[in-house]
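Read the numbers this way: they start at 1 and go in the same order the structure lists the ligands and their atoms.
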Amino acid sequence: MKVLKDSFGRKFPYLRLSVTEVCNFRCTYCLPNGYQKTDRDFLTLPEITRLATAFAELGTHKIRLTGGEPTVRPDLIEIAHAVSNIPGIRTVALTTNGYNLKENARAFRDAGINALNVSVDSLNSERFHAITGQDKLTHVLEGIEAAKAAGFINIKINSVLLKEVTDHTLPEFLSWIKREALSVRFIELMQTGENLAFFKQHHISAGVIIQQLLEHGFVPELRKPDSGPAQEFTHPDYAGKIGIIAPYSKDFCKSCNRLRVTSRGKLMLCLFGEGGYDLRPYLQADDQREELIDVIAHALHFKHETHYLQQGITGSTPHLATLGG
Ligand code: SAM
Ligand code: SF4
């Protein structure tokens with residue numbers, strides 16, 4: 001059996017699959033003017049099924065459905081159901097802005113989604129509205145409650161760290177996780193093709209949060225080889241955890257265990273890579289599987305050791321809605 005491995009010995013059990021670029025939020029750092037394109041020729045259910053089957057044969061056991069906002073796709077349930085039934089796929093994760101989680105949490109769970117990330121940039125309604133363009137904090141929080149009731153455990157909360165906007169909000173999140181067993185992840189703002197001015201104004205190192213956590217008595221958890229990019233911090237008096245995702249830190253890429261495929265079928269070897277490898281021509285029929293597997297395995301030889309973000313090279317990604325963050 002072929003196993004996905006790059007020239008630096010890294011393995012890739014984890015695929016992040018964007019199922020749409022469309023989003024109904026207008027996050028200031030991502031799609032400040034909302035999603036604009038009219039060409040919406042995204043991967044179809046059969047294409048997604050063939051893609052996920054090929055990755056599973058290459059040793060992938062976790063697939064994250066992301067976007068854009070994946071839950072705007074009317075056939076998301078069918079996608080989740082198909083992907084979760086592929087032999088070898090153990091985890092089907094969903095990253096969502098949570099706008100329809102309250103209504104659909106149980107259906108998502110029943111369709112085989114067994115890991116959930118919800119983006120909550122602020123626990124203050126006005127600030128949430130200002131960041132996302134949607135006055136939906138309460139609804140999103142109710143969605144998280146519904147997800148817990150539907151049986152989701154270890155729910156992760158993504159929160160982008162923005163200078164002068166969210167960098168002083170740790171106490172709000174701490175009082176939340178005091179009683180709730182959630183894992184809040186602060187993500188350093190990343191520069192993309194379209195957000196340079198915003199990035200310059202609002203990027204702040206996650207070091208400020210780490211300092212505050214240490215002052216509150218949180219301790220870093222030991223990292224396991226398969227831990228992924230978040231450094232987690234725990235405290236005996238808190239039910240939840242805080243994680244830090246700092247892509248600008250040294251050694252961030254050493255633990256890279258993930259590949260990405262865009263909603264138009266391009267394999268991206270790095271969030272900040274160029275171009276991508278068009279897999280769509282190999283997704284048109286079931287009997288193309290061997291060829292598809294060869295193309296994916298071959299592309300891995302071209303994965304670089306690290307990104308070049310420190311040098312301001314962001315690759316070809318205009319914003320993370322194109323490939324799911
Ligand atoms: N729409 C869904 C959501 O917001 O959860 C899924 C897609 S979104 C692109 C995935 C994650 O990327 C979100 O948590 C979002 O906050 C984060 N993100 C988007 N743009 C980012 C940026 N420039 N820097 C850091 N994180 C970003
Ligand atoms: Fe939409 Fe997610 Fe981007 Fe916000 S971060 S605009 S919710 S894709």
Answer side chain, backbone, both or neither: which part of C27 comes under 4.0 Å from ligand 2, heavy atoms only.
both

Taking R50 first and then D286, would you say they form a salt bridge - that is, a charged N and a carboxylate O separated by under 4.0 Å?
yes

Which label fits H202 and F198: parallel for a plane angle under 30°, tilted from 30 to 60°, or perpendicular past 60°?
tilted

Atom indices of ligand 2 within 4.0 angstrom of N97 heavy atoms, with elements
7 (S)

Among the heavy atoms of G67, does any lie under 4.0 Å from an atom of ligand 2?
no

Less than 4.0 angstrom from a charged side-chain N to a carboxylate O is my criterion; do E21 and R40 meet it?
no

For atom 6 (C) of ligand 1, the option (of G68, S18, S119) bearing the nearest heavy atom
G68

Between the side chains of T96 and E69, does any donor sit under 3.5 Å from an acceptor?
yes

Could you confirm whether C30 has any N/O/S atom lying under 2.8 Å from atom 3 (Fe) of ligand 2?
yes

Please confirm whether F152 and F108 have ring centers closer than 6.0 angstrom.
no

Residue selection (non-hydrogen contact nearest atom 15 (C) of ligand 1) among Y29, F199, F25
Y29

With a cut-off of 4.0 Å, which atoms of ligand 1 are near a heavy atom of N97?
2 (C), 3 (C), 5 (O)

